Amino acid sequence: MTSIYYFCSFLLRARRVKQILTLVVPQTKLDVPLEEVSGISSSFIDTVLFVKLREPQNTFRNLDKLKIYNDTIYILDESLSKLMSFDKEGNFITQYGERGRSGSEYVRVNSFDVDKHYVYLYDDASEKMISFTHGGEFVQKVETPFWGEDFKVLEDGSFLFSLKPGKTNVKLCMTDSLFNIKKVFSYFDEKDQDNYSGYSLFQKVGDSIYYTDDMSDTTHVFTPKGELVHSYLFNFGKYAPPLEARHDAEQLIEDKHVFMYTCPLIYESKLVMFLENRHLRTVLYYDMRERIGGNKDIDKGLSPTDIIIPLCMADGYVVGYLEDYCLDRFEDKTTLPADVVQHLENGYRVVAFYRLN
């Protein structure tokens with residue numbers, strides 16, 4: 001795979017003084033095929049495992065973000081600001097905090113992460129980070145001097161943070177454990193609308209942390225210590241949004257451009273990417289070593305190996321989920337296990353683990 005070096009310049013506007021920050025890291029450019037390929041998922045996925053979630057009543061409205069840590073499934077519903085955990089059999093473990101104004105409560109949770117110490121919830125309404133034990137006991141609440149969008153905890157207790165515009169023009173930074181900004185990687189352009197957030201912009205796979213700015217075509221690679229070491233530039237050809245248009249997602253969709261609004265999942269040479277593809281929601285399957293692949297529209301004609309909503313990676317598996325409306329999208333729902341179909345028809349969710357070849 002050929003790597004080239006690139007120079008990314010970001011403009012810092014502070015106190016009317018302009019300063020250029022230049023980052024130099026290796027970059028790999030990939031020409032991404034956007035043609036729908038029949039049966040593409042079956043050449044990338046060899047096994048699908050289903051975990052039926054045994055949810056407490058009225059648990060979720062949406063499954064927006066999902067992470068796996070030490071065989072525990074963590075699921076965040078942003079609309080309800082509810083984070084819950086389940087074991088690998090789908091049994092409910094606990095809920096982390098609840099809405100309110102007391103010291104251990106939050107107003108609105110938009111992101112979370114887990115490490116060996118704590119479960120971290122970010123309340124973007126009050127701009128605070130709240131920590132819990134894995135068992136759900138409150139630890140602390142710390143105010144941040146910025147408005148966070150998404151984050152990743154690093155191995156030394158510091159954080160990578162993607163920020164929202166408003167309190168600062170910093171877009172991507174590293175903080176210490178007390179959320180003091182120690183390093184800035186990029187800044188907001190003054191035209192940026194930031195109107196397509198709410199998805200996972202960070203993904204950790206093995207010893208690599210991947211970050212994708214929403215409405216972008218570039219994924220950056222960090223070490224577990226927060227060092228920026230590489231990037232991937234995805235070329236969407238004639239459907240790629242022009243640079244001057246990458247500030248307004250609504251306009252990009254209207255103009256039928258292709259762009260990423262969540263971080264792609266990369267495992268060894270395999271890549272799975274959720275795309276906004278000319279008014280269609282599409283999952284791209286791509287082998288970066290062989291430079292071959294294709295995509296599958298997720299709204300119709302599905303088979304069991306088709307990933308509907310890829311949310312994270314875990315031990316070589318792409319992890320997504322199914323709910324009742326998904327059944328209508330399958331070409332033949334009898335190709336799914338009968339107990340899975342029954343669980344979905346009863347109104348519950350199923351977490352799906354898709355093992356990559």
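From a predicted model like this one, the values you see are computed outputs, not experimental measurements. Index from 1, following the sequence.
The distance from the NZ atom of K67 to the CG atom of L83 is 10.0 Å, given to the nearest 0.5 Å. Distance CG/L160 to CG/D113: 10.0 Å, rounded to 0.5 Å. Between the CG atom in D297 and the OG1 atom in T282 there is a gap of 5.5 Å [rounded to 0.5 Å]. Summarising the geometry, atom CD belonging to E331 is positioned 11.5 Å from atom NZ belonging to K300; distances are rounded to the nearest 0.5 Å. Separation of atoms SG (C263) and CE (M273) is listed at 9.0 Å; rounding is to 0.5 Å. Rounded to the nearest 0.5 angstrom, L302 CG and L336 CG are separated by 9.5 Å.
Checked by atom type, the side-chain pair Q27/S231 shows a donor-acceptor distance below 3.5 Å. Side-chain N/O atoms of H230 and T28 include a donor and acceptor closer than 3.5 Å. Inspection of the T144 and Y122 side chains reveals an N or O donor paired with an N or O acceptor under 3.5 Å. Side-chain contact check for N70 and T72: no donor-acceptor pair (N or O, by modelled atom type) lies under 3.5 Å. Counting only N and O atoms by type, the side chains of D150 and S162 include no donor and acceptor under 3.5 Å apart. If you check the side chains of S41 and D306, you find a donor sitting under 3.5 Å from an acceptor.
The side chain to side chain donor-acceptor pair (under 3.5 Å) search around Q203 returns none, not counting sequence neighbours. Evaluation of the side chain to side chain donor-acceptor pair (under 3.5 Å) rule for S177 yields no partner, not counting sequence neighbours.
Checked for salt-bridge contact, K333 and E345 meet the test: a charged N lies under 4.0 Å from a carboxylate O. Salt bridge absent: K82 and D77 never bring a charged side-chain N and a carboxylate O closer than 4.0 Å. Taking the charged nitrogens against the carboxylate oxygens, R329 and D299 do have a contact shorter than 4.0 Å, which makes a salt bridge.
Pairing each heavy atom of T175 with each of F161, the nearest pair is CG2-CD1, 4.2 Å. Of all heavy-atom pairs spanning G294 and P33, the tightest one is N-CG, 4.2 Å. Scanning all heavy atoms of the two residues, the minimum distance from L76 to S111 falls at CD2-N, 3.9 Å. In plain terms, the two heavy atoms of T219 and T212 that are nearest each other are OG1-OG1, 2.7 Å. Nearest heavy atoms, Q95 versus G97: NE2-O, 3.0 Å. Scanning both residues, P304 and V48, for their nearest heavy atoms gives O-CG2, 3.6 Å.
Atom CG of D207 is surrounded by 12 or fewer heavy atoms from other residues, nucleotides or ligands within 6.0 Å. By the neighbour-count criterion of 12 heavy atoms within 6.0 Å, atom CZ of F50 is densely surrounded, having more than that number from other residues, nucleotides or ligands. More than 12 heavy atoms of other residues, nucleotides or ligands shown are found within 6.0 angstrom of NZ on K167.
Contact annotation: the side chain of R291 never approaches that of D31 to less than 4.5 Å [non-hydrogen atoms, C-beta and beyond]. The closest side-chain heavy-atom distance from V25 to L228 is below 4.5 Å. Within the 4.5 Å cutoff, the side chain of T218 has no heavy atoms near those of the Y232 side chain. Within the 4.5 Å cutoff, side-chain heavy atoms of D123 are placed close to those of S126. Proximity of V283 to N295: side-chain heavy atoms (C-beta onward) are nowhere separated by under 4.5 Å. Between F92 and M84, the closest side-chain pair of non-hydrogen atoms falls below 4.5 Å. Two residues are said to be in side-chain contact when any heavy atoms from C-beta on lie closer than 4.5 Å; L154 and K225 fail this criterion. K296 has its side chain out of reach of T305: every pair of non-hydrogen atoms, C-beta onward, lies at least 4.5 Å apart.
The closest donor-acceptor contact from the side chain of H343 to the backbone of R54 lies at 3.5 Å or more, if one exists at all. Not one N or O on the side chain of E290 forms a donor-acceptor pair closer than 3.5 Å with the backbone of D287. Between the side chain of D46 and the backbone N or O of N357 there is no donor-acceptor pair closer than 3.5 Å. Looking at D87, its side chain does come within 3.5 Å of a backbone N or O of E89 through a donor-acceptor pair. Within the 3.5 Å criterion, the main-chain N or O of G157 finds no donor-acceptor partner in the side chain of D115. Put simply, the side chain of E137 never gets that close to the backbone of T133: no donor and acceptor are under 3.5 Å apart. For the pair R99 (side chain) and V109 (backbone), a donor-acceptor distance under 3.5 Å is absent. Between the N180 side chain and the D176 main chain, no donor and acceptor come within less than 3.5 Å of each other. Remark: the backbone N or O of N235 is not paired with any side-chain donor or acceptor of D217 at under 3.5 angstrom.
Of the options L53, T94, V351, a side chain to side chain contact (heavy atoms under 4.5 Å, CB included) to F86 is made by L53 and by none of the others.
Ring-centre distance between F159 and F179: below the 6.0 Å cut-off. For Y96 and F112, the distance between ring centers is not under 6.0 angstrom. Between F185 and F222, the gap from one ring centroid to the other is short of 6.0 Å.
Hydrophobic clustering (ILVMFWY, side-chain heavy atoms < 4.5 Å, transitive): V114 and V142 are in distinct clusters. Under the 4.5 Å side-chain heavy-atom criterion for grouping Ile, Leu, Val, Met, Phe, Trp and Tyr, L80 is not connected to Y348 through any hydrophobic cluster. Under a hydrophobic clustering in which Ile, Leu, Val, Met, Phe, Trp and Tyr are joined whenever their side-chain heavy atoms come within less than 4.5 Å, directly or via other members, L275 and I292 fall into different clusters. With hydrophobic clusters built from ILVMFWY side chains whose heavy atoms lie under 4.5 angstrom apart, V229 shares a cluster with M288. Residues F202 and V119 fall into different hydrophobic clusters, defined by Ile, Leu, Val, Met, Phe, Trp and Tyr side chains chained together at heavy-atom separations under 4.5 Å.
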_One pair to check against ring-ring contact (aromatic ring centres under 6.0 Å, His included): Y69 and Y74. What are the steps and the verdict?_
CA-CA 8 Å; Y69 188 83; Y74 296 86; 7.2 Å; no
*Show the numbers, then the answer: is there a side chain to side chain contact (heavy atoms under 4.5 Å, CB included) between Y210 and I266?*
CA-CA 8 Å; Y210 298 91; I266 299 173; 3.7 Å; yes
*Just do the salt bridge (Lys or Arg N to Asp or Glu O under 4.0 Å) check on K164 and D124 with the steps written out, would you?*
CA-CA 9 Å; K164 298 181 180 182; D124 68 333; 2.8 Å; yes
*When you look at I45 and L356, which way does the side chain to side chain contact (heavy atoms under 4.5 Å, CB included) test go after all the steps?*
CA-CA 5 Å; I45 307 298; L356 292 169; 3.6 Å; yes
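Relative orientation of the Y120 and F151 rings is perpendicular, given thresholds of 30° and 60° on the angle between their planes.
Remark: K128 is not positioned above the aromatic ring of Y106, lacking an NZ or CZ atom under 6.0 angstrom from the ring centre and at most 45 degrees off the axis.
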Can you give each donor-acceptor pair under 3.5 Å made by side-chain atoms of residues 308-324, sequence neighbours left out, with the distance rounded to 0.1 Å?
from: Y321; atom 1: OH; to: E323; atom 2: OE2; distance (Å): 3.4
from: E323; atom 1: OE1; to: R349; atom 2: NE; distance (Å): 3.3

